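Here the structure comes first, spelled out in structure tokens, and everything after it is commentary.
Note that the structure is a prediction, hence the values are computed from the model and not measured. Basis for what follows: all heavy atoms, side chains included, without hydrogens, waters or symmetry-related copies.
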Amino acid sequence: MAQNRDGKMSREEAGRMGGEATAKKHDREFYQEIGQKGGEATAESHDKDFYQEIGQKGGEATADSHGREFYQEIGRKGGEARGNDSDDGKMSREEAGRKGGEARARQRERE
């Protein structure tokens, strides 16, 4: 058990133990319900700008931790998942995904 200078349990240890005890008492449904309530409360207290800002920060963090291959791969996978279900002369979804992944990779190289 981690202790602080006073010989008492540290906050970290108390939090870990409390989390473990809670996990033993509750099932997946409990966590889904509190997550949904938290999401609804956040949505009520924040506007579009808030979500745009956190989305941008998340995208930047992902870009900082992944290279060109990551974006090419997710673009390829996205294109394959969507499939080419249209013969109307438009670019296939697979091709659009691949091109999007390549464009993002090039943009990251310039940054």
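- Rounding to the nearest 0.5 Å gives a distance of 9.0 Å between CD of Q107 and OH of Y71.
- Counting only distance, with no hydrogens or angles, the side chain of H46 and the backbone of T42 share no donor-acceptor pair below 3.5 Å.
- The pair E40-K37 does not meet the salt-bridge criterion, since no charged nitrogen lies less than 4.0 angstrom from a carboxylate oxygen.
- Note: H66 and F70 have tilted aromatic rings, judged against thresholds of 30 and 60 degrees for the angle between ring planes.
- For Q56, the CD atom sits in a loose shell: 12 or fewer heavy atoms of surrounding residues, nucleotides or ligands are nearer than 6.0 Å.
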Just do the salt bridge (Lys or Arg N to Asp or Glu O under 4.0 Å) check on E73 and R76 with the steps written out, would you?
-> CA-CA 5 Å; E73 180 70 8; R76 184 188 61 74; 2.6 Å; yes

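- Taking 4.0 Å as the cut-off between side-chain N and carboxylate O, E20 and K24 do not count as a salt-bridged pair.
- Residues R98 and Q72 fail the side-chain proximity criterion, which asks for heavy atoms closer than 4.5 Å.
- Atom OG1 of T22 sits about 8.5 Å away from atom CD1 of I34, to the nearest 0.5 Å.
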R68/R106 under side chain to side chain contact (heavy atoms under 4.5 Å, CB included): CA gap, chis, key distance, verdict = CA-CA 7 Å; R68 176 184 184 113; R106 285 191 303 275; 4.2 Å; yes

I would like to know whether M17 and E13 meet side chain to side chain contact (heavy atoms under 4.5 Å, CB included); could you show each step before the answer?
-> CA-CA 6 Å; M17 291 178 70; E13 182 71 6; 3.8 Å; yes

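- With hydrogens and angles ignored, the 3.5 Å screen pairs no side-chain donor or acceptor of D49 with any backbone N or O of Q52.
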